[in-house]
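Report on one structure; see the data block that follows.
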Amino acid sequence: MRWGIAGHGDIVTRRALPALRALGEEPAVLWGRDAHRAARVAERYGVPRSGADPGVLLRGVDAVYVATPVAAHVPLAAAALDAGLPVLVEKPLAGGLGSPGLGGGGLGRGGGPAWRCAGVAYYRRLAPAVRRLRAELRGWTPERVEVRFRCAFAPGPDDPMRWRTDPAVSGGGVLADAGSHRVDLLLHLFGRPLEVSARLTDRFPAGAERRADLTLRWPHGLTARCVMAWGEGAPVDRLELHGAGRTVTLDPLDEGRLAGLDVRGGGRLAGLGRGEEGAPGADSGVLLLPPFANPHQPLFADFAEAVGEGRAPVCPLAEGRLVDDVIVAAGRSSAAGGRPTPLRCTRP
């Protein structure tokens, strides 16, 4: 397919363009608000056309990929879908800015194939370890989940990533940024939660939070505590599931090391080792399922297949919007002192 690409930052040059080239896809147009910068990046990476007019993004292409600062995601995606083009949007779709009226207000107006092929780039859904974890949950229901994330992020005034500290542009702080991926995994594994309690603290001068501490609750009793931070200290990225005397972990999340797997009655799976922390009377194992070197490659592969097959991509637009619903509810809860806040249903 011929792709129109909106944005020319690190995610485009380091991941999206190499992934598209590796798959034999054709980056045809590079759009950016700064025409000169867009032209320089397009020339450097061999993209034949560029410009700052949004119309150039939609001409002579078969699909659109949006990787701009978050505030531009919905307007550009709406323009692509209204032009009848499938669109893949970087995460979060809108974050704390919310995405009201996405259906009736212009995004995907009229339905049709383009609407079915609208997605959000939550690529961790395709990670082999996440797929194996979903299989584990078919025979086991945890009672509580813990998510921990910490990494350094302190951009100076001239840092090109500084926009992420302004929620009017980024849709939020650490929760909308790295946290949105982890929230999406919880929704992918367990569905829509009932309510959120949150405290968003330690803010940049522009207003984005450096720390998010939230608890999600589901109707069937499951709770998930998520603590995410941009700050000093050793990096942390851990997912733990507890229940029925078992603990299953992905730690670090992006290394694909699954520990605590139940192999009773099924023999030892390839690559599965025996641990010492299983529930009494049960085998437990560790399975290493490394992620893809460029996680955007399977993401674009899935999206191209979805367009060709007329199906939804791995994260359809509606499911990406649900992450926004959680972020918005977390903001309302934090403003109310951490009071439990129900998720509002975003209308299609």
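Here the structure is a predicted model, which means the values were calculated and not measured. Positions are given from 1, in the same order as the sequence printed here.
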Check whether any side-chain heavy atom of Glu319 sits under 4.5 Å from a side-chain heavy atom of Val120, and report yes or no. no

So salt bridge (Lys or Arg N to Asp or Glu O under 4.0 Å) across residues 217-243, not counting sequence neighbours, yields Arg182-Asp237, Glu195-Arg217, Asp213-Arg225, Arg238-Glu240

So does Arg44 have more than 12 non-hydrogen atoms from other groups sitting under 6.0 Å from CZ? no

Arg125 side chain vs Val314 backbone, donor-acceptor pair below 3.5 Å: yes

Under 3.5 Å, is there a donor-acceptor pair between the side chain of His242 and the main chain of Pro142? no

Heavy-atom donor-acceptor pair, Asp324 side chain to Ala94 backbone, under 3.5 Å: yes

CG of Leu17 to NE2 of His296: how many Å apart, nearest 0.5 Å? 11.0 Å

Counting C-beta onward and ignoring hydrogens, is there a side-chain heavy-atom pair between Val64 and Leu76 closer than 4.5 Å? no

Ignoring hydrogens and angles, tell me if any N or O in the side chain of Arg257 forms a donor-acceptor pair with the backbone of Pro252 under 3.5 Å. no

Once you measure the plane-to-plane angle for His181 and Tyr122, does it fall in the parallel (<30°), tilted (30-60°) or perpendicular (>60°) bin? perpendicular

Find out whether Asp159 and Phe153 are in side-chain contact, i.e. whether some heavy atom of one side chain is under 4.5 Å from a heavy atom of the other. no

Do Leu20 and Ile5 have side chains that approach each other closer than 4.5 Å (heavy atoms only, starting at C-beta)? yes

Is there a donor-acceptor pair under 3.5 Å between the side chain of Arg199 and the backbone N or O of Gly337? yes

Leu187 to Pro193 - nearest heavy-atom pair and separation: CD2-CD, 3.4 Å

Which atom pair, heavy atoms only, marks the closest approach of Ala19 to Phe300? CB-CD1, 3.9 Å

Knowing that exactly one of Leu239, Val326, Val147 qualifies, which makes a side chain to side chain contact (heavy atoms under 4.5 Å, CB included) with Cys226? Val147

Checking the side chain of His8 only, and the main-chain atoms of Ala42 only, is there a donor and an acceptor separated by less than 3.5 Å? no

Do the side chain of Ser334 and the main chain of Gly331 share a donor and acceptor less than 3.5 angstrom apart? no

Minimum heavy-atom distance between Cys315 and Gly320, given as atom pair plus value: SG-N, 3.8 Å

Under-4.0 Å salt bridge between Glu209 and Arg211: no

Name each donor-acceptor pair under 3.5 Å that joins a side chain in residues 48-63 to protein atoms two or more places apart or in another chain, with its distance.
residue: Arg49; atom: NH2; partner: Arg59; partner atom: O; Å: 2.7
residue: Asp53; atom: OD1; partner: Gly55; partner atom: N; Å: 2.9
residue: Arg59; atom: NH1; partner: Gly55; partner atom: O; Å: 3.4
residue: Asp62; atom: OD1; partner: Arg2; partner atom: NH2; Å: 3.0
residue: Asp62; atom: OD2; partner: Arg2; partner atom: N; Å: 2.8
residue: Asp62; atom: OD2; partner: Arg2; partner atom: NE; Å: 3.1

Beyond-backbone contact of Leu97 with Val74, side-chain heavy atoms, under 4.5 angstrom: no

Treating Ser197 as the side-chain partner and Leu214 as the backbone partner, does any N or O pair qualify as donor plus acceptor under 3.5 Å? no

Find out whether Val248 and Leu133 are in side-chain contact, i.e. whether some heavy atom of one side chain is under 4.5 Å from a heavy atom of the other. yes

Applying salt bridge (Lys or Arg N to Asp or Glu O under 4.0 Å) as the test, list every pair that has at least one member in residues 163-174; sequence neighbours left out. Arg164-Asp177

The criterion is salt bridge (charged side-chain N to carboxylate O under 4.0 Å, His left out); which residues satisfy it with Glu305, sequence neighbours excluded? Arg311

Would Asp184 and Arg124 satisfy salt bridge (Lys or Arg N to Asp or Glu O under 4.0 Å), going step by step from the backbone distance to the final call? CA-CA 9 Å; Asp184 177 68; Arg124 284 180 175 84; over 6 Å; no

Can you establish whether the number of heavy atoms outside Arg203 located under 6.0 Å from its atom CZ is more than 12? yes

Applying salt bridge (Lys or Arg N to Asp or Glu O under 4.0 Å), which residue pairs with at least one partner in residues 68-81 are found, sequence neighbours left out? none

Shortest non-hydrogen contact from Ala306 toward Cys117: O-SG, 3.5 Å

Between Trp218 and Phe190, what is the ring plane arrangement, given parallel below 30°, perpendicular above 60°, and tilted in between? perpendicular

Go through Leu137 and Leu241 one step at a time and tell me if the side-chain contact (heavy atoms from CB on, under 4.5 Å) criterion holds. CA-CA 10 Å; Leu137 292 172; Leu241 293 75; 3.9 Å; yes

If you define the side chain from C-beta out and look only at heavy atoms, does anything of Val183 sit under 4.5 Å from Met228? yes

Determine the minimum heavy-atom distance between Ala206 and Pro167, stating which atoms define it. O-CD, 3.4 Å

Return yes when atom NE2 of His220 has more than 12 non-hydrogen atoms of other residues, nucleotides or ligands closer than 6.0 Å, and no otherwise. yes

Between the side chain of Trp230 and the main-chain N/O of Ala178, is any donor-acceptor distance below 3.5 Å? no

Side-chain contact, heavy-atom cut-off 4.5 Å: Lys91 with Val323? no

Test log, rule ring pair (Phe, Tyr, Trp, His ring centres under 6.0 Å), inputs Tyr123 and Phe292: CA-CA 10 Å; Tyr123 57 78; Phe292 301 95; 9.9 Å; no

In short, salt bridge (Lys or Arg N to Asp or Glu O under 4.0 Å) pairs touching residues 20-35 with sequence neighbours left out are none

CA sep, side-chain torsions, deciding dist, call: Glu136, Arg246, salt bridge (Lys or Arg N to Asp or Glu O under 4.0 Å): CA-CA 12 Å; Glu136 189 80 4; Arg246 296 181 56 197; 2.7 Å; yes

Quick one: sort the Trp3 and Phe303 rings into parallel, tilted or perpendicular, breaks at 30° and 60°. tilted

